[in-house]
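The sequence lines fix the lettering, A, B, ..., with proteins before strands; numbering per chain opens at 1.
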Amino acid sequence: TGILHVGHVLGDSVQDFFIRWKHMLGYNTLFVPGTDHAGIATQKVVENDLAARGIMRRELSRAEFLEHAWAWKEKHHEQIVKQLKNLGCSLDWTREAFTLDAARSHAVREVFVRLYEKSLIYRGNYMVNWCPACGTAISDEEVKYNERDSQLYWIRYPLRGGGSLVVATTRPETMLGDTAVAVSPDDADKKDLVGRTALLPLIGRELPVIADDAVDPEFGSGFVKITPAHDPNDFEMGERHNLPHVVVIDREGNMTEAAGSAFSGLDRFACRKKVLEALDEEGVLVKTEPYRHAVGEHDRCQTVIEPLLSREWFVKMQPLAEPAIQVVERGEIDFYPPRWRNVYLSWMHNIRDWCISRRLWWGHRIPVWYCADGHLTVAIDDPTECAACGSGDITQDEDVLDTWFSSWLWTFSPLGWPRKTRELEVFHPTDVLVTGSEIIFFWVARMIMASLEFMKEVPFRHVFLTGIVRDGQGRKMSKSLGNSPDPLDIIDKYGTDAFRFTLVMLSPPGRDVFFVEEKLEMGRNFVNKIWQASRMIASAYGRYGGELLGGKAPGAGSFAALWNERYKKPLAFEPELQWEDRWVLSALDGAARDVDENLRGWRLNDAASRVYEFFWSEFCDWYLELAKIRLYGEGDKRSVIAVLLFTLGESLKMLHPFVPYVTEELWAALPMTDDLLLENRYPVDIAGAADPGADERMELFRGLVTAARNIRALYRINPSTRIELRVKTPEGSRKALEEMAAGIKQLARADRFDYGPEVSKEKGTASSPVGGFEVIVPLSGVADIKAELERLRAEKRKVEHDLSTMEKKLSNKDFVRKAKEDVVNRARDRREALHTELSKIEESLNIIESQS
RNA sequence: GGGCGAAUAGCUCAGUUGGGAGAGCGCCUGCCUUACACGCAGGAGGUCACAGGUUCAAGCCCUGUUUCGCCCACCA
């Protein structure tokens, strides 16, 4: 599976989310999976395979390594093809493509040549970050600095002509390559030593004492040993002072002959020990103190980086960065969350040249050939002779290019560039780039630069940055920590959709997600809820819904289309919408609008929460429960089934980008569908469904039912026991309850239900005000007068408290004068309602107290 | 050293223009009610890090402090 895990799970989920969502909105999207990173992963896999057989890569030639890689691929071909197929990709690997020799190399070579001809690619001696384990130079971005406990060693260097000075270093083995000692020019105590000569212990080399601004007089001893060949700062100082380079560590991390016969051939860390022993013997090791500092490590293999002097290929970045800064400053590309814009800009303003050569076997080889006389031939197609002298004796540069050198062409090279293809015309530039903030520099910035340089346009308009998935303790997932679960295991356990839904819902924009497996239960439970609700609706349709579409065979046209124009025109019957039908359609409309608004504002987590809330807390908890009355009762069931199917269908559309597989499956099972859910438009509203009257009715209904349930729970009335229920209504509001009566009976589990302005409230009843209404439950036998008194008093205290807060607010003249009108009105309404509730509670208390 | 982010229920976190403190999990009570125990109903639980300020009104805006985290940077 290693070959497929090229992106991180969250990013890939979100990317796929956008693709589905945009597609449903009618956008064209092209998804080209797999990158050259798969090649890097493959190299790792092949290396591991070889290592298991006791073969080290370094022992092989490039050709031999590629032979092994091809053999490995042949062996695993079927498995890889199958896995890619599961991801919806096909694979046709030729040997050339697999080894990156020809086809894909073309665009990369073209780019290399063009930049070379513009003098934007050059070769130079520079201090590079060398990974001795991988045997290659790596870029600054691939070096991760980690705090490590270490030692600071103080070493005495004698001065010619008497006296001595003491340097402090964390890397004593590099002293063998020292060519100077430096002090700060501002260091009054030491600057008079400038111009004198120190003698390098163990070696005896003469070292000039120089002054340089880079030296901090406060740090260590104030004297710095200078090793231009093995330290980036020292290298720069060496350039400034024309110091010689003495290379004492080679590319395998072993000491060279220049390190002296006592040390040559030793591993760098073994040498450190030996140097210290030798210094101690000579009595020049003054002291050793514990010191914590950042050590650079290769982020792929965790090997400590060795800064080395090396001849490498570089890209000159500043000319490319200029236009890439401008497009972001002009807003042609925006970042979300916006703060990353500044991160991008400040990096681009301080951009440094990019070291692109790598000594790996796997990768696009550098298209440069050398002849015996040292002439360079830079060409797209393999040359047969030297461009300068015509010699046929030419050899290609052994190095390959940094993976990112092909990746930065990602928005256009897979579309056929440099040919002018239809794909390029249609799909470039694209809309959204989804990625993690950790590769803004690696990839995002470089894609922008490459696209502007070679396509003369931006590659994408929006950069959406997801957080990073971390483990429960906030640590980055990494192989060495072993804290990354295998997504396939998780998917087996919880399901793909549950995994995705949970990640999306728990990822606030641009913030990291702490991954704890238990969190996935939320998504699993929700997906199960969708499934179960659909099951109930499907079975209702199966039993009673046959006549719904007027005898048309299921699958004859989209139900949504039929249901439009206020939902009824083309149906085979005239649906009689009850108040709860109008409410759920109105709620669906509200949810669709909110979800749309959240998505357009890039708040995926809010969109997910909203659709979760609608489906579970509104549709399932209230509408489905109410629907059961008609579904399982007598009478015409067609209207309720029509509304159920419609609401479910629209919900599935809304859910689809979050829960793609299960919703697609359920959609196929709906009677009115014969297409893919993915092919439908994403609902942004349900035109004409908003119904404030129905919403208000539902609010009252919910209040009344909840009040009744509350009383039931308080008196421990078994759910299977039916109760008697009364609702006292304000004058003239009896009619409002007429429609709700059946629903209230059902959801409050009552067998007798009286309502109206005149219903009685006597001793032995529990009561609870709901705005201008009042729920009354006779409690024959169950009534506990003391408990009821206590409950009413508690309720009274709460209402009184709220009321006094509201009174205080409204008696504040400034509030009434300055606050927005609707805020004041709302406060007044609230005060009215609280007043009414309070008087009802007092009335109840009076009844109990007067009769006891 | 510079820049950025975070601090809200026991835990993990939402809270978009300032106006009734929210979710999931966990906990307590009662339920296997003909879609779902991966469930249903009800409930407890918060000085919104601290100190000031602006405002009729602050979790939200401003200033400062504390504690965590991330990124960048050539302190050997």
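- Looking at heavy-atom distances under 4.0 Å, A/Asp822 makes no contact with the nucleic acid at all.
- In terms of the side chain to side chain contact (heavy atoms under 4.5 Å, CB included) criterion, residue partners of A/Ala708 (sequence neighbours excluded) are, by chain and number, A/Leu725, A/Ala748, A/Val775.
- In this structure, A/Lys798 does not pair ionically with A/Glu800, as no charged nitrogen and carboxylate oxygen lie closer than 4.0 Å.
- The 5' end of RNA chain B is approached more closely, in terms of each residue's nearest nucleotide, by A/Arg826 than by the other of A/Arg826 and A/Arg171.
- Rounding to whole angstrom units, CG of residue A/Leu599 and C1' of B/U16 are separated by 14 Å.
- Distance from the side chain of A/Arg603 is smallest for B/U16 among the nucleotides B/U16, B/A35, B/U33.
- The side chain of A/Arg352 contributes an N or O atom lying less than 4.0 Å from OP1 or OP2 of B/C74.
- Using P as the reference atom, B/U16 and B/A49 are 14 Å apart when rounded to the nearest Å.
- Of the candidate nucleotides B/G43, B/G39, B/C36, B/G39 has the atom lying nearest to any side-chain atom of A/Trp616.
- Put simply, CG on A/Leu604 is 13 Å from P on B/G15, counting in whole angstrom units.
- Distance A/Leu747 CG to B/G42 C1': 14 Å, rounded to the nearest Å.
- Using a 4.5 Å heavy-atom threshold, the side chains of A/Leu779 and A/Ile723 count as separate.
- Looking at the side chain of A/Arg709, the nearest of the listed nucleotides B/G43, B/A41, B/C36 is B/A41.
- A/Asn528 has its CG atom 7 Å from the P atom of B/G39, to the nearest Å.
- Partners of A/Phe815 by ring-ring contact (aromatic ring centres under 6.0 Å, His included), not counting sequence neighbours: none found.
- Residue-level contact check: A/Lys628 touches the bases, meaning some heavy atom is under 4.0 Å from a base atom.
- Counting any heavy atom pair closer than 4.0 Å across all strands shown, A/Tyr632 reaches sugar-phosphate atoms only and no base atom.
- Nucleotide B/C68 forms a pair with B/G5, judged by Watson-Crick or G-U wobble geometry with both contacts under 3.5 Å.
- Listed by first and then second residue, the side chain to side chain donor-acceptor pair (under 3.5 Å) pairs involving residues 820-832 of chain A are A/Asp822-A/Arg826 (not counting sequence neighbours).
- Remark: P of B/A73 and CD of A/Glu236 are 13 Å apart, rounded to the nearest angstrom.
- Rounding to whole angstrom units, CZ of residue A/Phe615 and P of B/G24 are separated by 16 Å.
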Next item on the list: At under 4.0 Å between heavy atoms, which parts of nucleotides 54-63 of chain B does protein reach? Answer with one letter per nucleotide, 5' to 3': B base, S sugar-phosphate only, - none.
Entry: --B-------
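- B/U63 is paired with B/A51 under the Watson-Crick or G-U wobble criterion, all donor-acceptor distances under 3.5 Å.
- Between the P atom of B/A44 and the CG atom of A/Leu714 lies a distance of 11 Å, rounded to the nearest Å.
- The side chain of A/Gln532 lies closest to B/A35, out of B/A14, B/A35, B/A76.
- At a threshold of 4.5 Å between non-hydrogen side-chain atoms, the residues A/Val824 and A/Leu810 count as touching.
- Straight-line distance between the P atoms of B/C60 and B/C50: roughly 11 Å, to the nearest whole Å.
- The gap from the C1' atom of B/A23 to that of B/U63 amounts to 33 Å, rounded to the nearest Å.
- One can find a donor-acceptor pair under 3.5 Å joining the base of B/A35 and the side-chain atoms of A/Glu625.
- Listed by first then second residue, pairs satisfying side chain to side chain donor-acceptor pair (under 3.5 Å) with a partner in residues 219-230 of chain A read A/Thr174-A/Lys225, A/Asp178-A/Lys225, A/Asp178-A/Thr227, A/Lys225-A/Thr227, not counting sequence neighbours.
- Within the structure, every side-chain polar atom (N or O) of A/Asn598 is placed at least 4.0 Å from both OP1 and OP2 of B/U16.
- Taking the side chain of A/Arg749 as heavy atoms from C-beta on, and the options B/C74, B/G42, B/U33, the nearest nucleotide is B/U33.
- Among B/A35, B/A14, B/G20, the nucleotide with an atom closest to any side-chain atom of A/Arg830 is B/G20.
- Between A/Pro338 and A/Asp334, the closest side-chain pair of non-hydrogen atoms is not below 4.5 Å.
- When the P atom is used for both B/A51 and B/G45, the distance is 24 Å, rounded to whole Å.
- With respect to the salt-bridge test (charged N to carboxylate O, under 4.0 angstrom), the residues A/Arg171 and A/Glu306 qualify.
- No engagement by A/Asp802 is indicated, since no non-hydrogen atom pair under 4.0 Å with the nucleic acid exists.
- In this structure, B/A41 forms a base pair with B/U29, meeting either the Watson-Crick or the G-U wobble geometry with both donor-acceptor distances under 3.5 Å.
- Comparing the P positions of B/G30 and B/U12 gives an interatomic distance of 30 Å, to the nearest angstrom.
- The distance between the ring centers of A/Phe335 and A/His462 does not fall below 6.0 angstrom.
- Base pairing of B/A23: its partner is B/U12, meeting the Watson-Crick or G-U wobble criterion (both donor-acceptor distances under 3.5 Å).
- Comparing the P positions of B/G20 and B/G59 gives an interatomic distance of 10 Å, to the nearest angstrom.
- Rounded to whole Å, the P atom of B/G1 lies 49 Å from the corresponding atom of B/A44.
- Comparing B/A35, B/A76, B/G42 by their closest approach to the side chain of A/Val215 singles out B/A76.
- Among B/A35, B/C74, B/C38, the nucleotide with an atom closest to any side-chain atom of A/Lys529 is B/A35.
- The side chain to side chain donor-acceptor pair (under 3.5 Å) test with A/Glu795 is passed by exactly one of A/Arg793, A/Arg797, A/Arg791: A/Arg791.
- Each of A/Glu597 and A/Arg339 was assigned the nucleotide of RNA chain B with the nearest heavy atom; the assignment lying further toward the 5' end belongs to A/Arg339.
- Here the side chains of A/Val284 and A/Tyr157 are not in contact, with every heavy-atom distance at 4.5 Å or above.
- Ring geometry for A/Phe701 versus A/Trp622: interplanar angle over 60°, hence perpendicular rather than tilted (30 to 60°).
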Check nucleotides 25-31 of chain B for protein N or O atoms closer than 3.5 Å to its own N or O atoms and list the pairs.
unit_1: B/U29; atom_1: O2'; unit_2: A/Arg716; atom_2: NE; d: 3.2

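- Between A/Glu832 atom CD and B/G20 atom C1' there is a gap of 17 Å when expressed in whole angstrom units.
- With P as the reference atom, B/G69 and B/C13 are 14 Å apart, rounded to whole Å.
- Residue-level contact check: A/Ser534 touches neither bases nor backbone, having no heavy atom under 4.0 Å from any strand.
- Both distances falling under 3.5 Å, in either a Watson-Crick or a G-U wobble arrangement, occur for no nucleotide opposite B/A73.
- Within 4.0 Å of A/Thr169, counting heavy atoms only, lie sugar-phosphate atoms of the nucleic acid but no base atom.
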